[in-house]
Amino acid sequence: MYGVSAPLAVIMGIGMWWLPSSPRWILLCAIQGKGELQGLRENAICCLCQLRGAAIGDSASRQVDDILSELSQLSEEKEATIGEMLQGKCLKALTIGAGLILFQQITGQPSVLYYAAKIFQDAGFSAAADATRASVFLALLKLIMTAVAVVVVDKLGRRPLLLGGVSGIAMSLFLLGSYYTFLGDVPAVAVTALLLYVGCYQLSFGPIGWLMISEIFPLRVRGRGLSITVLVNFGANALVAFAFSPLQDLLGAGTVFFIFGGIAVLSLVFIFFIIPETKGLTLEEIEAKYL
């Protein structure tokens, strides 16, 4: 099982040779005097064109100059402190990033996916091997739906995928709650709900959450902001994973999934009013427009 992963790692390692350098890293080297400015600027333009493709058009030179200007200003400033992260545009970026990742976890993702095999057993897949095979099918569905998200995210935008996907998540959680509460003799409801949950999660919270936090933090607060957001992610993940079984014993599985469904509805409100659309915008344009 572990050996099968080795060829994939080799393919990825070989592919990294063709990965262009980060234009911002190249320009940062120029500002720090680690090379000739004009040559590094031209290299950054070339790498930006490779990364963005034809969509960047004739704007590569302007975008590189904008990045160079911001990096020049940042080189004179210190990284934001924890106190500064709780003020002004830093707080707004942190609210968007950490809030999105928090809802990604507390809408039940750890519980639904970690306990998928048990849910399948409860739904009639009595043999553990059958439930495990069903879980493998879920993993393949995750792969397919993530690929779909990668293809359409820059065409449809972040907000439509989030709003549509999280609506499906809420519906699937209410279906799971209904199955465990009063539809226990209809196992197709549980299977349908699981498939719907996984498909919608991989179209929305799964990839879009991580994409958004990579876009929303200004360069000066990026390191600290991403660190806090990842801490929120693992903390919320652990909380939901460990709390599921005790809550299930205390309230019943149906009630727990109804609670997750209610949180999913709250996350829709959060997305609608708080999360901006960042499709087609550079980091500098996102900061200027939304923060």
Side-chain angles (χ1 to χ4, degrees), residues 11-80 84-85 88-97 100 146-162 207-227 229 274-291:
I11 292 171
M12 178 174 283
I14 294 172
M16 295 294 274
W17 285 101
W18 284 271
L19 183 67
S21 299
S22 163
R24 285 178 175 79
W25 178 80
I26 295 171
L27 295 173
L28 186 61
C29 290
I31 291 172
Q32 294 172 344
K34 297 179 180 178
E36 193 266 323
L37 176 59
Q38 188 58 32
L40 290 173
R41 179 181 176 277
E42 292 299 325
N43 189 14
I45 293 174
C46 180
C47 289
L48 190 60
C49 290
Q50 285 183 263
L51 289 166
R52 299 285 177 85
I56 197 168
D58 299 325
S59 65
S61 180
R62 176 184 58 80
Q63 290 189 29
V64 163
D65 287 338
D66 290 343
I67 295 170
L68 191 58
S69 175
E70 180 170 354
L71 288 174
S72 298
Q73 296 175 12
L74 289 175
S75 65
E76 301 173 0
E77 300 177 4
K78 296 180 179 179
E79 185 178 2
E84 290 178 288
M85 290 296 301
K89 66 180 183 181
C90 297
L91 176 60
K92 188 172 182 180
L94 186 61
T95 300
I96 293 170
L100 189 58
T146 301
V148 172
V150 168
V151 171
V152 303
V153 65
D154 282 326
K155 298 177 182 178
L156 299 181
R158 282 68 164 149
R159 277 172 56 85
L161 286 179
L162 282 171
I208 307 301
W210 293 107
L211 175 61
M212 288 292 299
I213 66 170
S214 73
E215 296 177 328
I216 203 64
F217 288 106
L219 290 177
R220 179 169 173 260
V221 303
R222 171 161 299 235
R224 199 175 296 279
L226 286 173
S227 298
T229 302
I274 302 297
I275 302 299
E277 179 55 73
T278 59
K279 180 183 72 170
L281 301 177
T282 66
L283 299 182
E284 291 74 26
E285 289 169 340
I286 292 170
E287 180 178 359
K289 187 173 181 179
Y290 295 118
L291 300 180

Minimum heavy-atom separation for [X] and [Y], please, with both atom names.
X    : Y    : value
R222 : F217 : NH2-O, 3.0 Å
L27  : R41  : CD2-CA, 4.2 Å
I45  : A60  : CG2-CB, 4.0 Å
L68  : L37  : CD2-CD1, 4.3 Å
W17  : G13  : CD1-O, 3.6 Å
P276 : I96  : CD-CD1, 3.8 Å

Roughly how far, to the nearest 0.5 Å, is [atom2] of [Y] from [atom1] of [X]?
X    : Y    : atom1 : atom2 : result
L100 : I213 : CG    : CD1   : 8.5 Å
L226 : L94  : CG    : CG    : 10.5 Å
K289 : T278 : NZ    : OG1   : 10.0 Å
R159 : M212 : CZ    : CE    : 9.0 Å
L19  : L51  : CG    : CG    : 7.0 Å
K89  : I216 : NZ    : CD1   : 11.5 Å

[Y] backbone acceptor or donor facing [X] side chain under 3.5 Å:
X    : Y    : answer
E277 : K279 : yes
Y290 : I275 : no
S227 : G223 : yes
R158 : I208 : no

With a 4.5 Å heavy-atom cut-off, do V153 and P207 have their side chains touching?
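Sidechains of P207 and V153: no contact.
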Between V64, I31, I26, which is the residue that forms a side chain to side chain contact (heavy atoms under 4.5 Å, CB included) with L40?
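That would be I26.
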